[in-house]
K.L.:
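Before I ask anything, here is the structure I am working with.
By convention in this document, chain letters (A, B, ...) are assigned in the order of the sequence lines, proteins followed by strands, and residues within each chain are numbered from 1.
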Protein chains: 4
Amino acid sequence: MTEPAKSRAPAPSRIQRRNRKRILDAALDVFSQHGYRGATLDQIAESAGLSKPNILYYFAGKEEIHATLLHQLMDTWLEPLRQIDPEGEPLDEILTYMQRKLEMSQHFPRESRLFANEILQGAPRIGPLLDGELKPLFDASAAVIDGWSRAGAIASVDARHLIFSIWATTQHYADFDAQIGVLMGGDDATEGAGLFLTGLYRRALAPGAR
Amino acid sequence: MTEPAKSRAPAPSRIQRRNRKRILDAALDVFSQHGYRGATLDQIAESAGLSKPNILYYFAGKEEIHATLLHQLMDTWLEPLRQIDPEGEPLDEILTYMQRKLEMSQHFPRESRLFANEILQGAPRIGPLLDGELKPLFDASAAVIDGWSRAGAIASVDARHLIFSIWATTQHYADFDAQIGVLMGGDDATEGAGLFLTGLYRRALAPGAR
Amino acid sequence: MTEPAKSRAPAPSRIQRRNRKRILDAALDVFSQHGYRGATLDQIAESAGLSKPNILYYFAGKEEIHATLLHQLMDTWLEPLRQIDPEGEPLDEILTYMQRKLEMSQHFPRESRLFANEILQGAPRIGPLLDGELKPLFDASAAVIDGWSRAGAIASVDARHLIFSIWATTQHYADFDAQIGVLMGGDDATEGAGLFLTGLYRRALAPGAR
Amino acid sequence: MTEPAKSRAPAPSRIQRRNRKRILDAALDVFSQHGYRGATLDQIAESAGLSKPNILYYFAGKEEIHATLLHQLMDTWLEPLRQIDPEGEPLDEILTYMQRKLEMSQHFPRESRLFANEILQGAPRIGPLLDGELKPLFDASAAVIDGWSRAGAIASVDARHLIFSIWATTQHYADFDAQIGVLMGGDDATEGAGLFLTGLYRRALAPGAR
DNA sequence: CATGAATGAGATTTCATTCAT
DNA sequence: AATGAATGAAATCTCATTCAT
């Protein structure tokens, strides 16, 4: 007995799923490198190995592909923040959070650049998501950290700026990779970044530090 | 008593200077907000209050306007780095440098975003400048700071990553302003940023810190 | 029994072939009449009955259409020269060659004008073809004729200038048609041209003529 | 005693005459090389060493410069034809005419190309001149030559096609110079052309030739 | 006489999207 | 599910000409 067709939302076939993935992957490449306006459907189609009209069979338009990417991104992006354990050892929690963010930058540089591009241009397409998804989580996390700070478990800092600084320093390795590549010559920045940032935040957040 | 016109170099008239300034200012607006590809001459012309062909009377094309902005930017951008005094008090020098960079982000957010946009997309147009102008200065400054670090005048850090972190944290306030605006609600980030970063780097760089 | 499609080379569809032909035909009209710079894609599109972007769907740009025409032209253009038979009766061979060139002028005046336009402006786009394709054939043909001349089979002439004169006199009827139309009043120049040129070259090349 | 200003047509000053000459000379360069549509006022102004508006102070527009050149050209161009002496020795007269035309091509190649360009495009701007100036002279000259031909003073030829052939062969050395340069390698075509054409027409027109 | 400044009309080309199958 | 063909809208840039002095 086969399932009766309940809704008209056709269950996506394997091919459909595979093609959507291909398109999104190609689009991530292209959008993260050229920005929204600089990217063309031709480039995406070429990179995905599909025809242009076929791209538009799966997505209503350029905008929708971009929006889909940003939505998918958001979940991944916020995951580390969610994992901060208010009951954990404060300094460890923060350092671990920083480390996770750094790893995300290193493993998902395209996502980082896609996000940076969007914010840089005033978040014209992601604005609502920031307010709806990011802000509550941000506020909650900042409250936790502020609690630690006031309790003397870490140095006295403004939690919101602390979070900003962690975002900035970790994402920098993805977003400004072109500059880092030039300035580091042949040296790899990956390992040094982790060591440096760990030391930086450990010293800066050590409870009792002046 | 005015200077007699000695040289035959076609001294730009007052109108020329004014219009070039207008154009560059308008272009800075537009490029920093939409990126190179997203910006249109129409927008620039509109914003400059000049006709489109008139824009092209002053600059050979879109690319030249962009290049001019990036070149002008570079000088301003590197100035704080040049002002680090190898003979100064190490911690002060670094904190002052950070403070200057932060002020630049706050006073020249458009320039910061223009630069970020360019790097984000792989520095396709500014690449040579990075290698020719930025790298030597970067290497020299890093050497000075590394000297201080090895001498124990500041905590033991990798100077190159320290500089990256200063760039990242200070520029973040300009480049990610759209996000910060949402997350800070109505609060102004300006003052808090300075206090936070000063504290962060003071503690992290204090000599003798573990 | 049709050929099975074996190769994966993107065989141009019937529509493709038809449209490319239309475009090239329209472009030949326009280019031969207005020259490269004087021709516009608008005119070509209008004349081809296609939209302007559709023209650019088939050819990468104005330049490519022009180049395609010139390349196609070259083959046709050189055919009569290739047909000179070194073993044939010399005077006949030359007169037949002249006659063929004259017929080409009369049947393909647009091609002749396209070519003339290009050479007139210094062969900026066809230069390499002249050197690579035309010159070897020209040299070979001149050598044959020079052989005949030295052997006394025709009058003593410089073969290279003889060829130039044949080109000049025959192509003149296509290239300077506008002038000829005015000067001949209503009379048709076609028949007279053949008779005149045949007589001219027969007398001028007759062996033994002083 | 100076001339009283009689008419309001201001007598052209020395500077005016010099500048008009400069402009026409520059325009001849540019028009003959790029054709009417391909030429730009910028190029002409640059080549003349004058500003663009100043060009337009002397001539009402691009069209007028072109028209002026064509009118000036016509006189020079027709001069050799006028010099054919109906009372002279027929063969000499024709050979001398051919020689003069050839010299004109060699001394004034730009004029030849300007004219060729115009005719090639259907004589859109010189049409009336052909009908008004050239045709009467052409008809008269053809009548003279036809008289000689019928009288047996030269071989029996159609005078009109004879004139066309002389035009074609002589102008070819100016108009198709780019092609001739390639095909002659380093050799100079000047001298050979005269010898060849003299021989060609002498033999072809010798009275009594079959 | 001369020119720096400005522009409207138009040229080539790009690109997201739609059509037709 | 897929694609070759087609296009309207818009972007960059050119150029003859005009303005204002």
Side-chain angles (χ1 to χ4, degrees), chain A residues 10 12-16 18-19 37-45 49-65, chain B residues 10-16 18-20 37-45 49-65, chain C residues 10-16 18-20 37-45 49-65, chain D residues 10 12-16 18-19 37-45 49-65:
Chain A
S13 74
R14 199 178 324 140
I15 287 185
Q16 283 195 333
R18 189 202 58 184
N19 280 350
R37 287 286 302 272
T40 73
L41 281 186
D42 267 316
Q43 290 172 305
I44 295 173
L50 297 171
S51 73
K52 214 170 11 166
N54 205 11
I55 300 276
L56 294 167
Y57 171 79
Y58 288 98
F59 293 91
K62 186 182 180 180
E63 175 109 33
E64 193 181 288
I65 303 177
Chain B
S13 73
R14 200 177 324 136
I15 288 184
Q16 283 231 350
R18 190 200 56 187
N19 280 350
R20 281 184 65 96
R37 288 285 304 273
T40 74
L41 282 185
D42 264 320
Q43 292 172 305
I44 296 174
L50 297 171
S51 75
K52 214 177 352 174
N54 203 13
I55 301 280
L56 295 166
Y57 174 76
Y58 287 96
F59 293 90
K62 187 183 179 180
E63 175 109 33
E64 194 183 284
I65 303 177
Chain C
S13 71
R14 198 177 326 136
I15 289 185
Q16 283 232 350
R18 192 201 54 185
N19 280 349
R20 279 184 66 96
R37 288 284 305 271
T40 73
L41 283 184
D42 264 319
Q43 290 171 306
I44 296 174
L50 297 171
S51 74
K52 212 173 359 170
N54 204 14
I55 300 280
L56 295 166
Y57 174 75
Y58 288 97
F59 291 91
K62 186 182 178 180
E63 175 109 34
E64 193 181 286
I65 303 177
Chain D
S13 75
R14 198 178 324 139
I15 286 184
Q16 285 193 335
R18 190 202 56 184
N19 279 351
R37 286 285 304 270
T40 73
L41 281 187
D42 266 318
Q43 290 172 305
I44 296 173
L50 297 172
S51 72
K52 213 171 7 169
N54 205 11
I55 300 277
L56 294 168
Y57 170 79
Y58 288 98
F59 293 91
K62 186 183 181 180
E63 175 110 34
E64 194 183 287
I65 303 177

K.L.:
Please determine whether a side-chain nitrogen or oxygen atom of B:Gln16 lies at a distance below 4.0 Å from atom OP1 or OP2 of E:dG4.
P.N.:
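Negative; the distance criterion is not met.
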K.L.:
Where do B:Ala45 and B:Ser51 come nearest, in terms of heavy atoms and distance?
P.N.:
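Closest pair (atom of B:Ala45, atom of B:Ser51, distance): CB-C, 4.1 Å.
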K.L.:
Quickly work out the C:Leu50 CG to F:dA5 C1' distance and round it to whole Å.
P.N.:
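The answer, rounded to whole Å, is 11 Å.
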K.L.:
Hunt down any stem DNA chain E takes part in, defined as 3 or more consecutive Watson-Crick or G-U pairs whose two distances are each under 3.5 Å.
P.N.:
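Output for stems: E:2-21 with F:2-21.
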K.L.:
Output yes when at least one side-chain N/O atom of D:Asn19 is less than 4.0 Å from OP1 or OP2 of E:dA2, else no.
P.N.:
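For D:Asn19, the contact criterion (side-chain N or O under 4.0 Å from OP1 or OP2 of E:dA2) is met.
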K.L.:
Round to the nearest Å and state the distance from C:Glu64 atom CD to E:dT12 atom P.
P.N.:
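Answer to the nearest Å: 15 Å.
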K.L.:
Within this structure, what is the CG-to-P distance between C:Leu41 and F:dC13, rounded to whole angstrom?
P.N.:
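Checked: the CG to P distance equals 18 Å.
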K.L.:
Ignoring hydrogens, what is the shortest heavy-atom contact between C:Phe59 and C:Arg20? Give both atom names and the distance.
P.N.:
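Residues C:Phe59 and C:Arg20, closest heavy atoms: CE2-NH2, 3.5 Å.
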K.L.:
Between C:Arg18 and B:Thr40, who's closer to the 5' end of DNA chain F by nearest nucleotide?
P.N.:
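Between the two, 5'-proximity favours C:Arg18.
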K.L.:
Quick check on E:dT14: is either OP1 or OP2 less than 4.0 Å from any side-chain nitrogen or oxygen of A:Arg37?
P.N.:
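For E:dT14, OP1/OP2 do not have a side-chain N/O of A:Arg37 under 4.0 Å.
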K.L.:
Any chance you could measure B:Ile65, atom CD1, to B:Ile44, atom CD1, to the nearest 0.5 Å?
P.N.:
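Taking CD1 in B:Ile65 and CD1 in B:Ile44, the distance rounds to 5.0 Å.
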K.L.:
Counting C-beta onward and ignoring hydrogens, is there a side-chain heavy-atom pair between D:Thr40 and C:Arg37 closer than 4.5 Å?
P.N.:
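Answer yes - side chains close enough.
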K.L.:
Within this structure, what is the NZ-to-P distance between C:Lys52 and E:dA11, rounded to whole angstrom?
P.N.:
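Distance, rounded to whole Å: 7 Å.
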K.L.:
Which part of the nucleic acid does C:Ala45 contact within heavy-atom distance under 4.0 Å: base, sugar-phosphate only, or nothing?
P.N.:
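Result for C:Ala45 = nothing.
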K.L.:
Below 4.0 angstrom, which residues in residues 53-63 of chain A have at least one non-hydrogen atom near DNA chain F?
P.N.:
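Contacts with DNA chain F under 4.0 Å: A:Pro53, A:Asn54, A:Tyr57, A:Tyr58.
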K.L.:
Measure from CG on A:Asp42 to C1' on E:dT17 and round the result to the nearest Å.
P.N.:
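Value for this atom pair: 12 Å.
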K.L.:
As an exercise, state the distance from CG of C:Leu50 to CD1 of C:Ile55, rounded to the nearest 0.5 Å.
P.N.:
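Atom-to-atom, C:Leu50:CG and C:Ile55:CD1 are 5.0 Å apart.
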K.L.:
E:dA6 C1' sits how many Å from B:Arg20 CZ, rounded?
P.N.:
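Taking atom C1' of E:dA6 as the reference, CZ of B:Arg20 is at 17 Å.
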K.L.:
Which pairs pass salt bridge (Lys or Arg N to Asp or Glu O under 4.0 Å) with one or both residues in residues 55-65 of chain D, sequence neighbours excluded?
P.N.:
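Checked against salt bridge (Lys or Arg N to Asp or Glu O under 4.0 Å) - neighbours excluded - no pair reaches residues 55-65 of chain D.
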K.L.:
Sequence neighbours excluded, which residues qualify as salt bridge (charged side-chain N to carboxylate O under 4.0 Å, His left out) partners of A:Lys52?
P.N.:
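Counting only residues at least two positions away or on another chain, A:Lys52 forms a salt bridge (charged side-chain N to carboxylate O under 4.0 Å, His left out) with A:Asp42.
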K.L.:
Could you check how far CD1 of B:Ile65 sits from P of F:dA11, rounded to whole Å?
P.N.:
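Result: 15 Å.
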K.L.:
Can you list the residues that meet the side chain to side chain donor-acceptor pair (under 3.5 Å) rule with B:Tyr57, with sequence neighbours excluded?
P.N.:
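Per chain and number, B:Tyr57 pairs via side chain to side chain donor-acceptor pair (under 3.5 Å) with no residue.
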K.L.:
List the residues meeting side-chain contact (heavy atoms from CB on, under 4.5 Å) with D:Leu56, not counting sequence neighbours, and say none if there are none.
P.N.:
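side-chain contact (heavy atoms from CB on, under 4.5 Å) check on D:Leu56 returns D:Leu41.
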